[in-house]
Amino acid sequence: MRAVLVEQFGAPARLADVEDPTPAPHGVVVAVEATGVCRSDWHAWQGHDDDVVLPHVPGHELAGTVAAVGADVRNWHVGDRVTTPFVTACGTCPECAAGAQQVCRAQTQPGFTGWGSFAELVALDHADVNLVALPEGFSASSAAALGCRVATAFRAVTDVGAVRAGEFVAVHGAGGVGLSAVAVAAAAGARVVAVDPSPAARELALTFGAEHAVAAEGAVEAVRELTGGGAHVSLDAVGLPATCEGSVRSLRRRGRHVQVGLLPAAAGRPSVPMDLVIAGELQVLGSHGMAAHDYPRLLALVALGRFPLAELVTRELLLEAGPRALAEVGAATTAGITVLRP
Ligand SMILES: [Zn+2]
Ligand SMILES: [Zn+2]
């Protein structure tokens with residue numbers, strides 16, 4: 001199969017012919033129809049993720065068709081159109097037993113712990129736990145956006161942040177996950193202030209339902225001003241020390257900070273103002289993707305037309321463009337989600 005191969009961290013990746021994957025007894029191989037290019041792929045390419053072993057194929061936001069099925073898989077068949085959360089859970093550990101597959105202690109992650117979906121084929125573990133059937137006619141590009149950024153934003157806003165109608169929500173970072181969070185919060189009836197250094201991303205945030213979109217410079221003061229003293233809920237959808245701290249400082253008393261961006265150690269450790277956390281009884285929460293069994297709620301929101309999924313994908317490229325698209329994530333020159341089509 002053809003795949004985008006990383007042979008050296010940070011050096012240009014290349015399109016290469018590599019061996020086809022075979023399914024584990026509990027897994028499947030999926031023929032990739034579309035795969036999103038995400039900031040965490042960029043981190044993997046840069047060598048920021050200890051799980052990644054070279055040579056490596058990135059990619060974890062995928063949709064496609066089941067092409068091969070392991071002997072122990074019960075619920076899936078060749079020809080099924082599917083997507084998956086970026087965490088592929090084991091299904092049997094205590095977290096999985098409690099329904100929290102997104103923090104499975106024995107998880108694998110395509111594109112991190114193994115080869116990912118910047119390829120014609122990708123192997124996925126524990127298919128009966130992790131695959132999500134795509135509704136009839138659901139576009140592969142839209143589905144590719146679901147598995148990481150949209151699902152992450154959905155759960156961060158609705159479940160972890162528990163956003164209610166009428167609340168002010170600040171979203172720091174208006175890339176794929178940030179824009180998704182803006183749209184989900186707006187659909188929930190919240191009043192959203194988006195923060196991003198890029199004018200194009202701010203423009204897009206307004207079309208996704210933000211009431212205001214402000215520059216990163218001076219964002220804390222701007223958010224506090226626009227929300228009458230601070231947001232009820234604030235999300236760091238970037239994952240850098242400055243955006244994490246800025247998000248906590250954007251809150252009103254008793255506000256909830258939700259960490260969504262990944263904060264790789266290479267970017268430095270954030271200094272969370274714990275004095276504000278105690279004085280204002282702030283809540284500091286983490287949100288790490290969403291389990292496959294939670295997807296029906298999200299798919300229902302999309303089906304109702306309350307979430308502009310198609311508009312989130314701003315660029316479709318051939319797999320050949322993968323190495324360039326990966327490098328562009330670091331420069332953050334594009335707004336919305338880029339999808340590769342093998
Ligand atoms: Zn992702
Ligand atoms: Zn597990």
Side-chain angles (χ1 to χ4, degrees), residues 4 24 26-27 32 34-46 48-49 51-52 56-63 83-118 122 124-132 141-156 173-181 235-239 259-264 287-295 298 309 312-315 322 325-326 328-330 332 334 336-340:
V4 174
H26 52 71
V32 179
T35 180
V37 182
C38 179
R39 179 160 290 270
S40 43
D41 297 314
W42 182 84
H43 283 304
W45 171 55
Q46 287 288 306
H48 296 166
D49 191 318
D51 288 333
V52 175
H56 180 66
V57 176
H60 60 281
E61 305 186 347
L62 66 117
T83 187
T84 177
F86 68 89
V87 168
T88 41
C90 76
T92 49
C93 74
E95 286 73 26
C96 283
Q101 285 85 352
Q102 72 281 355
V103 289
C104 169
R105 65 179 64 181
Q107 66 186 256
T108 57
Q109 296 184 5
F112 302 98
T113 63
W115 282 14
S117 52
F118 283 18
V122 63
L124 301 174
D125 290 334
H126 299 290
D128 284 333
V129 181
N130 298 306
L131 294 192
V132 177
S141 289
S142 295
L146 282 181
C148 173
R149 286 172 276 188
V150 176
T152 295
F154 178 75
R155 190 165 157 276
V177 71
L179 285 175
S180 303
L235 290 86
D236 172 14
V238 181
Q259 188 62 41
V260 178
L262 286 180
L263 286 164
S287 188
H288 190 249
M290 185 167 82
H293 66 75
D294 258 344
Y295 274 58
L298 172 57
L309 189 56
L312 194 58
V313 178
T314 47
R315 202 162 62 136
L326 197 55
E328 283 172 358
V329 176
T334 54
I337 289 181
T338 295
V339 162
L340 305 175

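Order of listing sets the numbers, starting from 1, for every ligand and every atom in it. Counting begins at 1 with the first residue of the sequence.
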Could you tell me the angle subtended at the Zn ion (ligand 2) by SG of Cys96 and SG of Cys104, rounded to 10°? 110°
Three-point angle Glu61:OE2, the Zn ion (ligand 1), Cys38:SG, rounded to the nearest 10°: 90°
Are His56 and Phe118 an aromatic pair, judged by ring center distance below 6.0 Å? no
Any idea which N/O/S atom from His60 gets closest to the Zn ion (ligand 1)? NE2
Here the gap from Thr88 atom OG1 to His60 atom NE2, rounded to the nearest 0.5 Å, amounts to 11.5 Å
For the pair His43 and His48, name the ring-plane relationship: parallel under 30°, tilted 30 to 60°, perpendicular over 60°. tilted
Between the main-chain N or O of Gly59 and the side-chain N or O of Asp41, is there a donor-acceptor pair closer than 3.5 Å? yes
